[in-house]
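Presented below is the structure to which this report refers.
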Amino acid sequence: MAISSLRGSVLPADGQLAYSVKLAAKVLDLGTRKVEQLIANGGIASFTEGRSRRITRWALEEYCRRKEAETA
């Protein structure tokens, strides 16, 4: 999976704007349950489209920036 270095992005350089929970977990190298917990407690913003939950590229990048700032 190619990773974009544009503006520090940690997401695949595929131009995809929103990811399923499963793919977001893979991108973040976390389990799907952990991502679901982060969504439930507001750690990662998400939306539903029909019965499918999606997480935007920007929400994942924001999560990574917050985690990085916490450890800096």
Side-chain angles (χ1 to χ4, degrees):
M1 191 177 288
I3 303 294
S4 171
S5 62
L6 180 65
R7 286 180 270 142
S9 178
V10 297
L11 299 174
D14 60 7
Q16 191 168 342
L17 297 177
Y19 300 86
S20 66
V21 171
K22 185 176 180 178
L23 183 54
K26 184 175 181 178
V27 168
L28 293 173
D29 196 26
L30 297 172
T32 55
R33 285 187 184 179
K34 178 63 177 178
V35 173
E36 289 167 349
Q37 289 173 347
L38 288 166
I39 291 168
N41 70 24
I44 295 178
S46 68
F47 65 94
T48 57
E49 182 62 39
R51 293 177 13 182
S52 180
R53 178 146 312 267
R54 296 288 181 228
I55 304 165
T56 64
R57 167 183 290 271
W58 297 279
L60 293 177
E61 290 175 346
E62 178 60 27
Y63 169 75
C64 290
R65 281 190 287 273
R66 278 196 321 271
K67 293 303 285 185
E68 186 176 39
E70 287 175 9
T71 61

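Numbers here simply count residues along the sequence, with the first being 1.
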Side-chain donor-acceptor pairs of residues 27-37 under 3.5 Å, sequence neighbours excluded:
none

**Q.** Crowding at CD, Glu68 (>12 non-hydrogen neighbours, <6.0 Å)
**A.** no
(Q) Just so I know, are the side chains of Lys67 and Tyr63 near enough to count as touching, which here means a heavy-atom distance under 4.5 Å? (A) yes
**Q.** Pairwise side-chain contact, Arg53 with Ser20, heavy-atom cut-off 4.5 Å (strictly under)
**A.** no
Q. Glu49: what forms a salt bridge (Lys or Arg N to Asp or Glu O under 4.0 Å) with it, not counting sequence neighbours?
A. none
**Q.** Gln16 versus Arg57, closest heavy-atom pair with distance
**A.** O-NE, 3.2 Å
Q) Closest heavy-atom contact between Ala24 and Tyr19? A) N-CB, 4.1 Å
Q: Could you pull out the closest heavy-atom pair between Ala45 and Ile55, with the gap in Å?
A: O-CG2, 3.6 Å
